[in-house]
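Written out below as structure tokens is the structure these notes cover.
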Amino acid sequence: MRLGILSDIHANLPALEAALEALRNEGVEEVLVLGDTLGYGPHPRQVLRRLRKEGLSPILGAWDLRVLFPQFPVPEGIGKETLEFTRRQLKDEDLRFLRGLRMSHRSLYEGVRVVAFHGLPKDPEGRPDFSTQRHLLPLLQEYRAQALLLGGGHLPIHRPLRTGLVADPGSVGLSLGGGHGADAMILEVPENRVYFRKVPYDLGPLLFDLRAWGLPPILEEVYRTGRFPSP
């Protein structure tokens, strides 16, 4: 069975559409979305509408929680500016959809227990340390997972361990791996094989909408280069 794994769409509709098309071409049977659907990009309503049309229920990420709960801490700078834009764009139906989402995904596929969170299980802004088994193995054991998927790092990475694997699929809409494109991951079970794809998409409509809504120009460089510029 082939699972498509997406995360961190960040309100970037052209990137989402390209990633979904790529996963269809790969023959995936189900798509999981690991949160941070919103924030930064110019298409919050359109992205939520497309996910509903596809029958996808993403888990909640830190930026999605910021939209729903004003008390959730917000970093200064472009994040705060785009969050205010996002809240103005969303309608009641969008907020109802967000409120119905879960903080995790847990399912059995071909005998493999797949568990997914955004960030770390008790901290959607947390980042796992993929450099050491010492941090990752206890997470696999605690959640009895053979595949533990953790979105939020914006960099595609996976770590095979003796009892399973831990992976971050990267970011669909705000990839920080260098270079333009949407990150997508394919997980084959029960073998637990992982494949990463960097999917190109048309930047023109994204940049046009970014400028039309007056969103921070720095985002243009991030979309083009896959990196935040140095201070």
Side-chain angles (χ1 to χ4, degrees), residues 1-10 12 15 19 22-23 26 28 30-37 39-40 58-65 73 75 79 102-109 112-199 222 225-228 230:
M1 183 176 185
R2 305 192 101 201
L3 299 173
I5 316 296
L6 302 176
S7 187
D8 296 86
I9 300 165
H10 284 298
N12 183 340
L23 291 179
E26 293 277 359
V28 304
E30 187 171 334
V31 176
L32 307 181
V33 182
L34 308 189
D36 270 11
T37 302
Y40 293 109
I59 61 177
L60 288 166
W63 281 99
D64 311 316
L65 291 168
R102 299 168 296 171
M103 296 292 295
S104 67
H105 177 88
R106 310 178 195 208
S107 290
L108 202 65
Y109 300 97
V112 173
R113 181 171 165 80
V114 176
V115 178
F117 296 93
H118 189 87
L120 291 171
K122 298 181 175 82
D123 180 8
E125 292 191 285
R127 298 292 175 263
D129 182 358
F130 278 89
S131 67
T132 173
Q133 297 188 35
R134 185 167 54 88
H135 185 219
L136 301 177
L137 273 173
L139 288 175
L140 278 175
Q141 293 164 355
E142 180 177 356
Y143 292 95
R144 297 178 290 110
Q146 286 80 52
L148 180 62
L149 309 174
L150 303 172
H154 290 240
L155 293 169
I157 187 170
H158 86 289
R159 182 73 184 264
L161 303 168
R162 65 175 182 269
T163 59
L165 69 87
V166 184
D168 185 326
S171 172
V172 172
L174 204 65
S175 176
L176 298 181
H180 162 67
D183 298 327
M185 175 181 146
I186 299 151
L187 173 64
E188 286 187 350
V189 291
E191 300 85 358
N192 258 6
R193 285 193 289 259
V194 170
Y195 306 91
F196 292 112
R197 301 287 185 262
K198 177 73 87 171
V199 184
V222 181
T225 66
R227 291 186 176 89
F228 274 96
S230 301

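Note that these values count all heavy atoms, side chains included, but never hydrogens, waters or copies made by symmetry.
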Nearest 0.5 Å, please: how far is CZ in Phe117 from CG in Leu60? 12.5 Å

Given side chain to side chain contact (heavy atoms under 4.5 Å, CB included), test Asp168 with Leu155 step by step and report yes or no. CA-CA 7 Å; Asp168 185 326; Leu155 293 169; over 6 Å; no

Roughly how far apart are His118 NE2 and Ser104 OG, rounded to 0.5 Å? 13.5 Å

For the atom pair CG (Leu120) and CZ (Arg127), what is the distance rounded to the nearest 0.5 Å? 8.0 Å

In this structure, which one of Ser171, Pro58, Pro169 forms a side chain to side chain contact (heavy atoms under 4.5 Å, CB included) with Leu34? Pro169

Can a donor-acceptor pair be found between the side chains of Glu26 and Tyr195 at a distance below 3.5 Å? no

Would you say Val28 and Leu187 make side-chain contact, with heavy atoms under 4.5 Å? no

For Pro128 and Leu150, the nearest pair of non-hydrogen atoms, with its separation, is CG-CD1, 3.7 Å

Reported CG-to-CG distance for the pair Leu174 and Asp36, which is rounded to 0.5 angstrom: 9.5 Å

Out of curiosity, Glu125 CD to Leu65 CG, how far, rounded to the nearest 0.5 Å? 9.0 Å

Without swapping roles, check the side chain of Gln146 against the backbone of Arg113 for a donor-acceptor pair under 3.5 Å. yes

Using side chain to side chain contact (heavy atoms under 4.5 Å, CB included), reason through Leu32 and Glu30 one step at a time and then give a plain yes or no. CA-CA 7 Å; Leu32 307 181; Glu30 187 171 334; 3.6 Å; yes

Minimum heavy-atom separation for Leu165 to Val194, with atom names? CD2-CG2, 3.9 Å

Is there a side chain to side chain contact (heavy atoms under 4.5 Å, CB included) between Arg134 and Asp129 once you walk through the steps? CA-CA 9 Å; Arg134 185 167 54 88; Asp129 182 358; over 6 Å; no

Within the distance-only criterion (no hydrogens, no angle test), does the side chain of Asn12 pair as donor or acceptor with the backbone N or O of Ile9 below 3.5 angstrom? no

Is it true that Arg197 and Asp183 make a salt bridge, defined as a side-chain N closer than 4.0 Å to a carboxylate O? no

Minimum heavy-atom separation for Asp8 and Gly152, please, with both atom names. OD1-N, 3.0 Å

If I compare all heavy atoms of Pro121 with all of Tyr143, which pair ends up nearest, and what's the gap? CB-OH, 3.0 Å

Grab the two heavy atoms, one from Leu23 and one from Ala184, that are nearest each other, plus how far apart they are. CD2-CB, 4.2 Å

Does atom CZ of Arg144 have more than 12 heavy-atom neighbours, drawn from other residues, nucleotides or ligands, at distances under 6.0 Å? no

Out of curiosity, Met185 CE to Ile157 CD1, how far, rounded to the nearest 0.5 Å? 11.5 Å

Trace of the side chain to side chain contact (heavy atoms under 4.5 Å, CB included) decision for His10 with His154: CA-CA 11 Å; His10 284 298; His154 290 240; 3.3 Å; yes

Taking all non-hydrogen atoms of both residues into account, name the closest pair between Gly181 and Ser175 and its distance. O-CB, 3.5 Å

